[in-house]
A.B. asks: 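One structure follows; several queries about it will come next.
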Protein chains: 2
Amino acid sequence: MRQSGCPLAFGLDTFGDRWSLLVLREMMVRGKKTYGDFLEIDEGIATNVLADRLKHLETEGIISKSRDPDNRRSYLYTLTDKGRDLAPILTEIILWGGKYDKRPQARREAVNKAKKNRKGFEAAIRSPE
Amino acid sequence: MRQSGCPLAFGLDTFGDRWSLLVLREMMVRGKKTYGDFLEIDEGIATNVLADRLKHLETEGIISKSRDPDNRRSYLYTLTDKGRDLAPILTEIILWGGKYDKRPQARREAVNKAKKNRKGFEAAIRSPE
DNA sequence: CATTTAACTTGTTTTTTGCAAGTGAGCTGG
DNA sequence: CCAGCTCACTTGCAAAAAACAAGTTAAATG
(Lines give C-alpha, C1' and ligand atoms only; values in the text may rest on other atoms or scores of the structure.)
Protein backbone atom coordinates (compact mmCIF):
# COMPACT_ATOMS: atom_id res chain seq x y z
CA MET A 1 0.00 0.00 0.00
CA ARG A 2 2.53 2.59 1.15
CA GLN A 3 5.90 1.61 -0.23
CA SER A 4 8.08 3.88 1.86
CA GLY A 5 9.77 1.04 3.75
CA CYS A 6 9.18 2.83 7.06
CA PRO A 7 8.40 0.41 9.89
CA LEU A 8 5.85 2.84 11.33
CA ALA A 9 4.04 3.10 7.99
CA PHE A 10 4.16 -0.69 7.74
CA GLY A 11 2.42 -0.96 11.08
CA LEU A 12 -0.16 1.64 10.15
CA ASP A 13 -0.93 -0.20 6.93
CA THR A 14 -1.51 -3.35 8.93
CA PHE A 15 -3.65 -2.13 11.83
CA GLY A 16 -3.74 1.67 11.62
CA ASP A 17 -7.33 2.35 10.62
CA ARG A 18 -10.26 3.54 12.72
CA TRP A 19 -11.41 0.06 13.70
CA SER A 20 -8.73 -2.63 13.73
CA LEU A 21 -7.35 -1.84 17.17
CA LEU A 22 -10.84 -1.71 18.64
CA VAL A 23 -11.56 -5.19 17.29
CA LEU A 24 -8.24 -6.33 18.73
CA ARG A 25 -9.16 -4.71 22.06
CA GLU A 26 -12.30 -6.85 22.13
CA MET A 27 -10.19 -9.94 21.64
CA MET A 28 -7.37 -9.00 23.98
CA VAL A 29 -9.06 -7.16 26.81
CA ARG A 30 -12.51 -8.69 26.71
CA GLY A 31 -11.84 -12.17 25.39
CA LYS A 32 -14.31 -11.81 22.51
CA LYS A 33 -14.03 -14.23 19.63
CA THR A 34 -16.97 -14.17 17.20
CA TYR A 35 -18.31 -11.90 14.50
CA GLY A 36 -21.42 -11.32 16.59
CA ASP A 37 -19.30 -10.32 19.59
CA PHE A 38 -17.44 -7.72 17.55
CA LEU A 39 -20.65 -6.27 16.11
CA GLU A 40 -21.71 -5.37 19.64
CA ILE A 41 -18.72 -3.20 20.44
CA ASP A 42 -19.69 0.04 22.16
CA GLU A 43 -18.39 2.28 19.40
CA GLY A 44 -20.75 0.70 16.84
CA ILE A 45 -18.95 -0.79 13.85
CA ALA A 46 -20.84 -1.33 10.59
CA THR A 47 -21.25 -4.94 9.56
CA ASN A 48 -19.60 -4.60 6.14
CA VAL A 49 -16.67 -2.70 7.63
CA LEU A 50 -16.25 -5.37 10.28
CA ALA A 51 -16.18 -8.08 7.61
CA ASP A 52 -13.54 -6.10 5.70
CA ARG A 53 -11.36 -5.54 8.76
CA LEU A 54 -11.47 -9.18 9.84
CA LYS A 55 -10.51 -10.26 6.33
CA HIS A 56 -7.64 -7.76 6.29
CA LEU A 57 -6.34 -8.71 9.73
CA GLU A 58 -6.47 -12.36 8.74
CA THR A 59 -4.63 -11.66 5.48
CA GLU A 60 -1.97 -9.79 7.43
CA GLY A 61 -1.57 -12.70 9.81
CA ILE A 62 -2.74 -10.83 12.92
CA ILE A 63 -5.69 -13.11 13.60
CA SER A 64 -6.79 -16.51 12.45
CA LYS A 65 -10.24 -17.90 11.75
CA SER A 66 -11.38 -21.37 12.64
CA ARG A 67 -14.66 -23.21 12.99
CA ASP A 68 -16.30 -23.23 16.38
CA PRO A 69 -16.24 -26.91 17.37
CA ASP A 70 -19.46 -26.40 19.38
CA ASN A 71 -21.50 -24.60 16.74
CA ARG A 72 -21.11 -25.30 13.07
CA ARG A 73 -22.51 -21.96 11.91
CA SER A 74 -20.07 -19.96 14.02
CA TYR A 75 -16.39 -19.14 13.60
CA LEU A 76 -13.79 -18.26 16.19
CA TYR A 77 -11.28 -15.50 15.58
CA THR A 78 -8.12 -15.80 17.63
CA LEU A 79 -4.83 -13.94 17.84
CA THR A 80 -1.68 -15.17 16.19
CA ASP A 81 1.76 -14.55 17.73
CA LYS A 82 2.07 -11.57 15.41
CA GLY A 83 -1.22 -10.26 16.79
CA ARG A 84 -0.24 -10.96 20.39
CA ASP A 85 2.88 -8.88 19.82
CA LEU A 86 0.61 -5.84 19.43
CA ALA A 87 -0.03 -5.97 23.19
CA PRO A 88 2.67 -3.39 24.05
CA ILE A 89 1.21 -0.97 21.51
CA LEU A 90 -2.30 -1.34 22.94
CA THR A 91 -0.85 -0.88 26.41
CA GLU A 92 0.98 2.33 25.53
CA ILE A 93 -2.11 3.82 23.90
CA ILE A 94 -4.21 2.90 26.93
CA LEU A 95 -1.65 4.50 29.27
CA TRP A 96 -1.54 7.64 27.15
CA GLY A 97 -5.34 7.79 27.01
CA GLY A 98 -5.49 7.31 30.75
CA LYS A 99 -3.15 10.21 31.28
CA TYR A 100 -4.95 12.68 29.03
CA ASP A 101 -8.61 11.68 28.89
CA LYS A 102 -10.27 14.13 31.26
CA ARG A 103 -13.85 13.50 30.15
CA PRO A 104 -16.24 12.52 32.92
CA GLN A 105 -17.16 9.29 31.15
CA ALA A 106 -13.52 8.19 30.92
CA ARG A 107 -13.24 4.55 32.01
CA ARG A 108 -10.13 3.89 34.02
CA GLU A 109 -10.28 0.20 34.82
CA ALA A 110 -7.81 -1.00 32.20
CA VAL A 111 -5.63 2.06 32.79
CA ASN A 112 -5.32 1.28 36.48
CA LYS A 113 -4.46 -2.34 35.81
CA ALA A 114 -1.82 -1.37 33.27
CA LYS A 115 -0.31 1.20 35.63
CA LYS A 116 -0.27 -1.07 38.64
CA ASN A 117 1.35 -4.00 36.85
CA ARG A 118 2.28 -3.32 33.31
CA LYS A 119 3.95 -6.62 32.53
CA GLY A 120 1.05 -8.50 34.07
CA PHE A 121 -1.44 -6.48 32.05
CA GLU A 122 0.45 -7.17 28.84
CA ALA A 123 0.68 -10.84 29.61
CA ALA A 124 -3.05 -10.95 30.32
CA ILE A 125 -4.10 -9.29 27.07
CA ARG A 126 -1.65 -11.42 25.11
CA SER A 127 -3.46 -14.53 26.25
CA PRO A 128 -7.12 -13.65 26.71
CA GLU A 129 -9.10 -16.50 28.27
CA MET B 1 -16.65 11.58 18.53
CA ARG B 2 -16.78 8.10 20.04
CA GLN B 3 -18.35 8.40 23.47
CA SER B 4 -17.44 4.98 24.82
CA GLY B 5 -15.09 6.30 27.50
CA CYS B 6 -12.44 3.76 26.49
CA PRO B 7 -8.91 5.14 26.75
CA LEU B 8 -7.89 3.28 23.60
CA ALA B 9 -10.79 4.78 21.63
CA PHE B 10 -9.88 8.18 23.05
CA GLY B 11 -6.35 7.80 21.72
CA LEU B 12 -7.58 6.62 18.34
CA ASP B 13 -9.88 9.61 18.08
CA THR B 14 -6.95 11.88 18.75
CA PHE B 15 -4.24 10.45 16.49
CA GLY B 16 -5.60 7.19 15.06
CA ASP B 17 -6.16 8.07 11.41
CA ARG B 18 -4.09 7.19 8.36
CA TRP B 19 -1.84 10.25 8.57
CA SER B 20 -1.44 11.79 12.01
CA LEU B 21 1.29 9.46 13.23
CA LEU B 22 3.23 9.90 10.00
CA VAL B 23 3.18 13.67 10.48
CA LEU B 24 4.30 13.15 14.07
CA ARG B 25 7.07 10.84 12.83
CA GLU B 26 8.35 13.68 10.66
CA MET B 27 8.48 15.92 13.68
CA MET B 28 9.89 13.38 16.13
CA VAL B 29 12.25 11.29 14.07
CA ARG B 30 13.25 13.74 11.37
CA GLY B 31 12.97 17.06 13.13
CA LYS B 32 10.61 18.52 10.55
CA LYS B 33 8.61 21.59 11.49
CA THR B 34 6.86 23.29 8.57
CA TYR B 35 3.86 22.67 6.36
CA GLY B 36 6.17 22.39 3.38
CA ASP B 37 8.28 19.80 5.18
CA PHE B 38 5.25 17.64 5.89
CA LEU B 39 4.02 17.88 2.29
CA GLU B 40 7.22 16.17 1.19
CA ILE B 41 6.77 13.03 3.27
CA ASP B 42 7.53 9.86 1.35
CA GLU B 43 4.03 8.46 1.62
CA GLY B 44 2.54 11.47 -0.20
CA ILE B 45 -0.10 13.28 1.83
CA ALA B 46 -2.64 15.50 0.04
CA THR B 47 -2.42 19.19 0.87
CA ASN B 48 -6.01 19.56 2.09
CA VAL B 49 -5.71 16.46 4.26
CA LEU B 50 -2.47 17.76 5.76
CA ALA B 51 -4.14 21.07 6.60
CA ASP B 52 -6.98 19.17 8.27
CA ARG B 53 -4.69 16.94 10.29
CA LEU B 54 -2.53 19.83 11.52
CA LYS B 55 -5.64 21.71 12.60
CA HIS B 56 -6.96 18.63 14.39
CA LEU B 57 -3.68 17.85 16.14
CA GLU B 58 -3.44 21.46 17.25
CA THR B 59 -7.03 21.42 18.53
CA GLU B 60 -6.25 18.26 20.48
CA GLY B 61 -3.19 19.86 22.01
CA ILE B 62 -0.66 17.47 20.45
CA ILE B 63 1.20 20.16 18.53
CA SER B 64 1.36 23.92 18.60
CA LYS B 65 1.76 26.44 15.84
CA SER B 66 3.87 29.57 16.03
CA ARG B 67 5.35 32.08 13.64
CA ASP B 68 8.81 31.41 12.33
CA PRO B 69 10.87 34.29 13.75
CA ASP B 70 13.19 34.12 10.72
CA ASN B 71 10.53 34.08 8.00
CA ARG B 72 7.24 35.87 8.36
CA ARG B 73 5.39 33.77 5.80
CA SER B 74 6.29 30.51 7.51
CA TYR B 75 4.96 28.80 10.63
CA LEU B 76 6.64 26.30 12.91
CA TYR B 77 4.78 23.32 14.24
CA THR B 78 6.22 21.86 17.43
CA LEU B 79 5.27 19.13 19.86
CA THR B 80 3.56 19.84 23.15
CA ASP B 81 4.19 17.69 26.23
CA LYS B 82 1.05 15.77 25.34
CA GLY B 83 2.51 15.14 21.90
CA ARG B 84 5.92 14.18 23.27
CA ASP B 85 4.19 11.59 25.41
CA LEU B 86 3.29 9.74 22.22
CA ALA B 87 6.95 8.73 21.88
CA PRO B 88 6.48 5.31 23.55
CA ILE B 89 3.60 4.52 21.19
CA LEU B 90 5.67 5.43 18.13
CA THR B 91 8.52 3.37 19.52
CA GLU B 92 6.39 0.27 20.05
CA ILE B 93 4.94 0.48 16.55
CA ILE B 94 8.43 0.89 15.09
CA LEU B 95 9.69 -2.13 17.06
CA TRP B 96 6.72 -4.20 15.94
CA GLY B 97 7.21 -3.13 12.33
CA GLY B 98 10.88 -3.95 12.59
CA LYS B 99 10.06 -7.44 13.79
CA TYR B 100 7.51 -8.26 11.10
CA ASP B 101 8.32 -6.20 8.02
CA LYS B 102 10.08 -8.69 5.75
CA ARG B 103 9.83 -6.64 2.55
CA PRO B 104 13.13 -6.00 0.81
CA GLN B 105 12.63 -2.24 0.99
CA ALA B 106 12.13 -2.31 4.76
CA ARG B 107 14.22 0.44 6.37
CA ARG B 108 15.78 -0.63 9.62
CA GLU B 109 17.69 2.40 10.82
CA ALA B 110 15.18 3.60 13.40
CA VAL B 111 14.41 0.01 14.40
CA ASN B 112 18.06 -0.66 15.17
CA LYS B 113 18.41 2.50 17.20
CA ALA B 114 15.28 1.71 19.19
CA LYS B 115 16.42 -1.85 19.82
CA LYS B 116 19.93 -0.92 20.84
CA ASN B 117 18.89 1.79 23.28
CA ARG B 118 15.19 2.13 23.70
CA LYS B 119 15.17 4.80 26.37
CA GLY B 120 17.71 6.83 24.42
CA PHE B 121 15.64 6.52 21.28
CA GLU B 122 12.51 7.67 23.08
CA ALA B 123 14.32 10.59 24.64
CA ALA B 124 15.67 11.58 21.21
CA ILE B 125 12.29 11.57 19.47
CA ARG B 126 10.68 13.39 22.39
CA SER B 127 13.02 16.30 21.85
CA PRO B 128 13.84 16.48 18.16
CA GLU B 129 16.44 19.13 17.43
C1' DC C 1 8.69 45.25 -9.04
C1' DA C 2 8.18 40.88 -11.37
C1' DT C 3 8.93 36.33 -9.90
C1' DT C 4 9.09 32.87 -6.56
C1' DT C 5 7.88 30.73 -2.21
C1' DA C 6 5.04 29.24 1.77
C1' DA C 7 0.82 28.07 3.44
C1' DC C 8 -3.01 27.18 2.62
C1' DT C 9 -8.21 27.04 0.10
C1' DT C 10 -11.47 25.53 -3.35
C1' DG C 11 -13.58 22.43 -6.56
C1' DT C 12 -14.03 17.91 -8.33
C1' DT C 13 -13.39 12.92 -8.58
C1' DT C 14 -12.56 8.64 -6.29
C1' DT C 15 -12.50 5.78 -2.31
C1' DT C 16 -14.11 4.53 2.10
C1' DT C 17 -17.62 4.40 5.53
C1' DG C 18 -22.18 4.03 7.31
C1' DC C 19 -26.75 2.35 7.17
C1' DA C 20 -30.60 -0.76 5.84
C1' DA C 21 -31.99 -4.71 4.03
C1' DG C 22 -31.29 -9.33 2.33
C1' DT C 23 -29.24 -14.24 1.94
C1' DG C 24 -28.14 -18.94 3.13
C1' DA C 25 -26.48 -22.42 6.08
C1' DG C 26 -27.18 -24.33 10.47
C1' DC C 27 -29.62 -24.72 14.99
C1' DT C 28 -33.98 -25.34 17.93
C1' DG C 29 -38.59 -25.91 20.06
C1' DG C 30 -43.03 -27.88 19.44
C1' DC D 1 -39.48 -32.56 10.95
C1' DC D 2 -40.06 -28.15 9.84
C1' DA D 3 -41.24 -23.06 10.91
C1' DG D 4 -38.80 -19.81 12.76
C1' DC D 5 -34.65 -18.09 14.65
C1' DT D 6 -29.52 -17.30 14.75
C1' DC D 7 -25.09 -16.44 12.84
C1' DA D 8 -22.04 -14.72 9.55
C1' DC D 9 -21.93 -12.53 6.35
C1' DT D 10 -23.27 -9.79 1.33
C1' DT D 11 -25.48 -6.21 -1.39
C1' DG D 12 -27.07 -1.62 -2.63
C1' DC D 13 -27.18 2.99 -1.84
C1' DA D 14 -26.21 7.49 0.56
C1' DA D 15 -22.91 10.24 3.06
C1' DA D 16 -18.36 11.35 4.48
C1' DA D 17 -13.51 11.46 3.78
C1' DA D 18 -9.45 11.26 0.89
C1' DA D 19 -6.99 12.10 -3.37
C1' DC D 20 -6.04 15.12 -7.12
C1' DA D 21 -5.63 19.55 -9.50
C1' DA D 22 -5.79 24.20 -9.57
C1' DG D 23 -6.10 28.70 -7.48
C1' DT D 24 -5.30 32.46 -3.83
C1' DT D 25 -2.75 35.54 -0.66
C1' DA D 26 0.98 37.43 1.78
C1' DA D 27 5.76 37.75 2.15
C1' DA D 28 10.47 37.25 0.50
C1' DT D 29 13.92 37.61 -3.31
C1' DG D 30 16.69 38.91 -7.39
Side-chain angles (χ1 to χ4, degrees), chain A residues 1-4 9 12-27 30-60 62-79, chain B residues 1-4 9 12-27 30-60 62-79:
Chain A
M1 189 193 258
R2 286 153 166 156
Q3 292 295 74
S4 66
L12 294 175
D13 284 344
T14 307
F15 58 79
D17 61 273
R18 307 182 68 55
W19 291 108
S20 291
L21 289 179
L22 293 179
V23 171
L24 293 168
R25 174 198 66 191
E26 293 301 297
M27 300 179 74
R30 300 180 183 164
K32 298 301 170 70
K33 290 181 160 59
T34 70
Y35 190 92
D37 288 340
F38 304 141
L39 264 190
E40 285 170 8
I41 86 177
D42 294 335
E43 291 84 3
I45 189 171
T47 175
N48 54 340
V49 175
L50 174 58
D52 260 21
R53 278 325 96 97
L54 289 171
K55 211 166 286 177
H56 183 242
L57 290 171
E58 199 193 352
T59 301
E60 295 296 330
I62 303 292
I63 60 176
S64 70
K65 183 182 182 179
S66 58
R67 288 199 162 276
D68 182 345
D70 301 333
N71 185 342
R72 282 190 39 78
R73 69 195 147 162
S74 195
Y75 294 91
L76 300 178
Y77 292 94
T78 52
L79 293 162
Chain B
M1 192 193 256
R2 285 154 166 155
Q3 292 296 73
S4 66
L12 294 176
D13 284 344
T14 308
F15 57 79
D17 61 272
R18 307 180 71 55
W19 291 107
S20 291
L21 289 179
L22 293 179
V23 171
L24 293 168
R25 175 199 66 191
E26 293 301 297
M27 300 179 75
R30 299 179 185 165
K32 297 300 169 73
K33 289 180 162 59
T34 70
Y35 190 92
D37 288 340
F38 304 141
L39 263 190
E40 286 171 6
I41 86 178
D42 294 336
E43 291 83 3
I45 188 171
T47 175
N48 54 343
V49 175
L50 175 58
D52 260 21
R53 277 327 94 95
L54 289 172
K55 211 166 286 174
H56 182 242
L57 290 171
E58 199 192 351
T59 301
E60 296 295 331
I62 303 293
I63 60 176
S64 70
K65 182 181 180 179
S66 58
R67 287 199 162 278
D68 183 344
D70 300 333
N71 185 342
R72 282 190 41 78
R73 70 195 147 161
S74 193
Y75 294 90
L76 300 178
Y77 292 93
T78 52
L79 293 162

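FYI, side chains are in, hydrogens and waters are out, and symmetry mates aren't considered; it's all heavy atoms of this structure. By convention in this document, chain letters (A, B, ...) are assigned in the order of the sequence lines, proteins followed by strands, and residues within each chain are numbered from 1.
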A.B. asks: When B/Trp19 is tested against each of B/Ile45, B/Leu50, B/Leu57, B/Leu54 for side-chain contact (heavy atoms from CB on, under 4.5 Å), which residue passes?
C.D. replies: B/Ile45
A.B. asks: Where along residues 67-77 of chain B does a heavy atom fall under 4.0 Å from DNA chain C?
C.D. replies: B/Arg73, B/Ser74, B/Tyr75, B/Tyr77
A.B. asks: I'd like to check the side-chain contact (heavy atoms from CB on, under 4.5 Å) partners of A/Lys65; sequence neighbours left out, ordered by chain and number.
C.D. replies: A/Glu58, A/Tyr75, A/Tyr77
A.B. asks: Between P on C/dC8 and CG on B/Asp52, what's the gap in Å once rounded to a whole number?
C.D. replies: 12 Å
A.B. asks: Output all residues satisfying salt bridge (Lys or Arg N to Asp or Glu O under 4.0 Å) with B/Asp42, sequence neighbours left out; order by chain, then residue number.
C.D. replies: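 Partners of B/Asp42 by the salt bridge (Lys or Arg N to Asp or Glu O under 4.0 Å) criterion, ordered by chain and then number, come out as B/Arg30.
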A.B. asks: Residues two or more places apart in sequence or in another chain: which of them pass side-chain contact (heavy atoms from CB on, under 4.5 Å) with A/Thr78?
C.D. replies: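 By the side-chain contact (heavy atoms from CB on, under 4.5 Å) rule, A/Thr78 matches A/Ser64.
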A.B. asks: Please name all residues satisfying ring pair (Phe, Tyr, Trp, His ring centres under 6.0 Å) with B/Tyr35, sequence neighbours left out, ordered by chain then number.
C.D. replies: none
A.B. asks: Enumerate the residues from residues 33-51 of chain B whose closest heavy atom to DNA chain D is under 4.0 Å, giving them by residue number; use none for an empty result.
C.D. replies: B/Thr47, B/Asn48, B/Val49
A.B. asks: Rounding to a whole Å, what distance do you find between A/Asp13:CG and C/dT16:C1'?
C.D. replies: 15 Å
A.B. asks: Which residues pass the side-chain hydrogen bond (donor to acceptor under 3.5 Å, both in side chains) test with B/Arg72, not counting sequence neighbours?
C.D. replies: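 Listed in chain order: nothing, the list is empty.
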A.B. asks: Applying side-chain contact (heavy atoms from CB on, under 4.5 Å), name anything that partners A/Thr34, two or more places apart in sequence or on another chain.
C.D. replies: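 With sequence neighbours excluded, A/Thr34 shows a side-chain contact (heavy atoms from CB on, under 4.5 Å) to A/Asp37, A/Ser74, A/Leu76, given in chain and number order.
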A.B. asks: Run the side-chain hydrogen bond (donor to acceptor under 3.5 Å, both in side chains) test against B/Glu43 and tell me which residues pass, sequence neighbours left out.
C.D. replies: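 Partners of B/Glu43 under the side-chain hydrogen bond (donor to acceptor under 3.5 Å, both in side chains) test: A/Ser4, B/Arg25.
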A.B. asks: Rounding to an integer number of Å, can you tell me how far B/Arg18 CZ sits from C/dT17 C1'?
C.D. replies: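 For the pair B/Arg18 CZ and C/dT17 C1', the rounded distance is 13 Å.
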A.B. asks: Could you tell me which residues satisfy side-chain contact (heavy atoms from CB on, under 4.5 Å) with B/Glu40, sequence neighbours excluded, listed by chain and number?
C.D. replies: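 side-chain contact (heavy atoms from CB on, under 4.5 Å) list for B/Glu40, sorted by chain: empty.
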A.B. asks: Salt bridge check: are A/Asp17 and A/Arg53 linked by an N-O gap of less than 4.0 Å?
C.D. replies: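 Salt bridge flag = yes for A/Arg53 with A/Asp17.
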A.B. asks: Going 5' to 3' along DNA chain D, which nucleotides are the first and last within contact of chain B (any atom under 4.0 Å from a heavy atom)?
C.D. replies: D/dA18 to D/dA28
